[in-house]
Engineer: 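There's a structure below that I have some questions on.
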Amino acid sequence: MTASLIFGQNGYATGRPVGKLSPASGSYWGTYTSYGIANRESLIGRKFVIHQKYYDFTNTFPGSSEQDDIVNGRIPLDTWQPQLAGGAQLTANEDAAIAAGTYDSTIITRAQAIKTFGHPIFIRFGHEMNGNWYPWSANNNNNDPSQYVAAWRHVHDIFVQQGATNAVWVWCPNIEDAPNQAWNHWTNYYPGDSYVDWVGIDGYNWGDTQSFSSWKSFANAFGNGTSGVYNDYATVKPIMIAETASAESGAPVGTSKGQWITDMAASIQSTFPNVEAFVWFDTTSVTNDKQWPIDTSAGSQSAYVSAGQLSFFNPTVNYGKTGDLNLDGQINIDDLSRLLSDWGATNNSVSDLNHNNNVTITDLSILLTNWGT
């Protein structure tokens with residue numbers, strides 16, 4: 001699998017240009033406008049490839065921001081949060097309620113809007129479900145991850161039924177379970193290969209900004225490639241670092257946030273080769289004393305710009321080709337393997353290339369026609 005990095009922003013999310021490091025961009029709660037993103041791209045000297053935005057359950061999307069992304073060559077990454085404004089729960093047990101069909105009208109409306117949008121769009125539904133800070137986590141839903149799985153599958157099924165097959169599904173746990181108990185392990189939340197297109201991972205270097213935190217390198221935080229979410233799924237799905245950033249405060253003597261970024265880029269190349277997209281949480285809209293943005297110091301900005309210019313992160317990429325099932329810019333054995341694993345499946349949102357609700361020889365023929373392009 002060819003690695004791809006989309007440098008970007010989340011409110012400036014950074015993502016690794018597919019092929020390796022390509023800017024990605026994102027706006028936190030819609031804070032960053034097209035003009036703001038253009039300024040950020042100017043700052044780092046390259047285009048973002050992904051633009052991440054965050055929406056609550058009843059928000060309307062996609063809209064002008066996503067259309068702007070398409071015009072400017074970015075892939076929208078929309079994080080869809082099953083909560084009300086301000087983080088309020090939809091209901092006492094929202095995972096069960098979603099799975100039971102209580103909110104089907106909302107889900108259908110969103111699926112129809114995404115189908116009408118007509119372009120590939122990453123949907124990151126109910127992220128960091130293995131934490132205890134969001135209303136859709138099992139910690140807030142009877143300690144039962146199976147209810148989250150049922151909710152995810154129900155939402156996914158509705159999108160497929162509505163023909164929103166341009167949605168690319170990103171399942172995204174946090175790097176650590178909170179609480180750290182067996183019932184809450186991220187693997188208990190996995191909806192299954194046929195319901196997930198990409199596996200995302202969220203994790204930060206908080207430095208000494210929190211009582212629970214200390215300085216961690218990117219490699220250490222993400223399991224050094226031998227443990228953690230990456231190790232569990234890197235051979236199964238393309239991996240997206242969907243949120244990450246580093247604080248400035250708490251760096252040991254001899255290192256810095258800038259060095260953290262430099263080491264991060266090196267680690268992705270050597271230790272996490274199946275990372276296909278990378279999104280930096282470049283926002284001042286949350287906690288951590290506004291230490292997340294890439295330009296909190298001259299050293300961090302310089303390191304980020306340098307990482308974005310590495311040849312490893314600047315492959316030749318062609319997005320959106322029919323048959324490019326993992327969106328890595330190439331149609332090759334990885335895509336064929338994915339199609340064959342889905343063979344005979346009905347209502348599959350990725351491998352069903354002719355959209356007839358069945359993965360058959362016709363879909364294989366379409367993929368082979370575009371082989372190697």
Side-chain angles (χ1 to χ4, degrees), residues 1 3 77 79-82 93-96 98-99 122-157 159 167-204 212 216 218-244 267-268 271-279 325-326 334 337-338 341-342 345 348-351:
M1 179 180 294
L77 167 58
T79 293
W80 194 17
Q81 305 178 119
N93 188 332
E94 61 182 45
D95 288 346
I98 290 171
F122 287 118
I123 300 296
R124 191 171 69 127
F125 177 75
H127 67 301
E128 299 178 10
M129 73 302 292
N130 60 324
N132 57 11
W133 44 85
Y134 285 129
W136 55 86
S137 68
N139 186 74
N140 296 312
N141 290 276
N142 299 327
N143 293 353
D144 185 2
S146 70
Q147 294 181 339
Y148 173 90
V149 171
W152 176 287
R153 290 178 176 177
H154 186 71
V155 173
H156 184 283
D157 286 345
F159 269 61
V168 180
W169 293 86
V170 182
W171 175 76
C172 186
N174 191 58
I175 56 170
E176 296 178 334
D177 301 319
N180 185 16
Q181 297 181 18
W183 65 264
N184 192 45
H185 195 259
W186 55 73
T187 53
N188 295 327
Y189 293 88
Y190 188 61
D193 290 350
S194 62
Y195 282 90
V196 173
D197 299 314
W198 286 58
V199 169
I201 314 173
D202 289 357
Y204 293 82
F212 61 79
K216 286 185 178 180
F218 176 89
N220 181 259
F222 284 82
N224 293 305
T226 60
S227 64
V229 180
Y230 176 88
N231 188 62
D232 283 347
Y233 296 101
T235 60
V236 179
K237 297 290 179 180
I239 301 296
M240 172 186 294
I241 305 301
E243 290 184 27
T244 196
S267 294
I268 288 173
T271 308
F272 303 93
N274 286 347
V275 168
E276 298 290 338
F278 169 86
V279 179
L325 303 183
N326 63 356
D334 296 316
S337 176
R338 173 60 191 271
S341 71
D342 291 334
N348 187 278
S349 64
V350 175
S351 297

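Keep in mind it's a predicted model, so treat the numbers as computed, not measured.
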Engineer: Work out which heavy atom in Ser267 is nearest to a heavy atom in Phe218; give both atom names and the distance.
Structural biologist: CB-CD2, 4.3 Å

Engineer: Output the distance between atom CH2 (Trp198) and atom CD1 (Ile239), rounded to the nearest 0.5 Å.
Structural biologist: 9.0 Å

Engineer: Among Ile201, Asn130, Asn132, which one satisfies side chain to side chain contact (heavy atoms under 4.5 Å, CB included) with Asn174?
Structural biologist: Asn130

Engineer: Taking salt bridge (charged side-chain N to carboxylate O under 4.0 Å, His left out) as the definition, give me every residue that meets it alongside Asp177, ordered by chain and number, with sequence neighbours left out.
Structural biologist: none

Engineer: Looking only at non-hydrogen atoms, find the nearest pair between Trp136 and Asn141 and report the distance.
Structural biologist: C-ND2, 3.5 Å

Engineer: With the side chain counted from C-beta on, respond yes when Val199 and Val236 share a heavy-atom pair under 4.5 Å apart, and no when they do not.
Structural biologist: no

Engineer: Let me confirm one number: the CG-CD distance from Asn93 to Gln147, rounded to the nearest 0.5 Å.
Structural biologist: 4.5 Å

Engineer: Would you say Arg124 and Met240 make side-chain contact, with heavy atoms under 4.5 Å?
Structural biologist: no

Engineer: Tell me whether the rings of Trp80 and Phe159 are parallel (<30°), tilted (30 to 60°) or perpendicular (>60°).
Structural biologist: tilted

Engineer: Report yes or no: does Asn140 contribute a side-chain atom to a donor-acceptor pair with the main-chain N or O of Tyr134 at less than 3.5 Å?
Structural biologist: yes

Engineer: Without hydrogens or angle criteria, can the side chains of Tyr189 and Asn184 be said to hold a donor-acceptor pair below 3.5 Å?
Structural biologist: yes

Engineer: If you look at every heavy atom in Trp186 and Pro173, which pair is closest and at what distance?
Structural biologist: CB-CB, 3.8 Å

Engineer: If I take atom CG from residue Asp144 and atom CH2 from residue Trp183, how far apart are they, to the nearest 0.5 angstrom?
Structural biologist: 9.0 Å

Engineer: To the nearest 0.5 Å, what is the distance between CD1 (Ile98) and OH (Tyr148)?
Structural biologist: 9.5 Å

Engineer: Kindly state whether the ring of Tyr195 and the ring of Trp152 have centres lying under 6.0 angstrom apart.
Structural biologist: no

Engineer: Looking only at heavy atoms, what is the nearest atom pair of Ala138 and Pro145, with distance?
Structural biologist: CB-N, 3.6 Å

Engineer: Holding to ring-ring contact (aromatic ring centres under 6.0 Å, His included), I want the full list of residues that pass it with Tyr233, two or more places apart in sequence or in another chain.
Structural biologist: Trp171, Tyr190

Engineer: Nearest 0.5 Å, please: how far is CD1 in Ile175 from CD1 in Ile241?
Structural biologist: 9.0 Å

Engineer: Can you confirm whether or not the ring centre of Tyr230 sits under 6.0 Å from the ring centre of Phe222?
Structural biologist: no

Engineer: Taking the side chain as everything from C-beta on, heavy atoms only, tell me whether His127 gets closer than 4.5 Å to Gln81.
Structural biologist: yes

Engineer: If you measure from OG1 on Thr235 to CG on Asp232, what distance do you get to the nearest 0.5 Å?
Structural biologist: 9.0 Å

Engineer: Verify whether the ring centers belonging to His156 and Phe125 lie closer than 6.0 Å.
Structural biologist: no

Engineer: Counting N and O atoms only, with roles assigned by atom type, does the side chain of Arg338 sit under 3.5 Å from a partner on the main chain of Ser351, one being a donor and the other an acceptor?
Structural biologist: no

Engineer: Might you point out which heavy atoms bring Gly203 and Thr244 nearest each other, and give the distance in Å?
Structural biologist: O-OG1, 2.7 Å

Engineer: Report yes if some heavy atom in the side chain of Asp95 is under 4.5 Å from a heavy atom in the side chain of Met129; otherwise report no.
Structural biologist: no

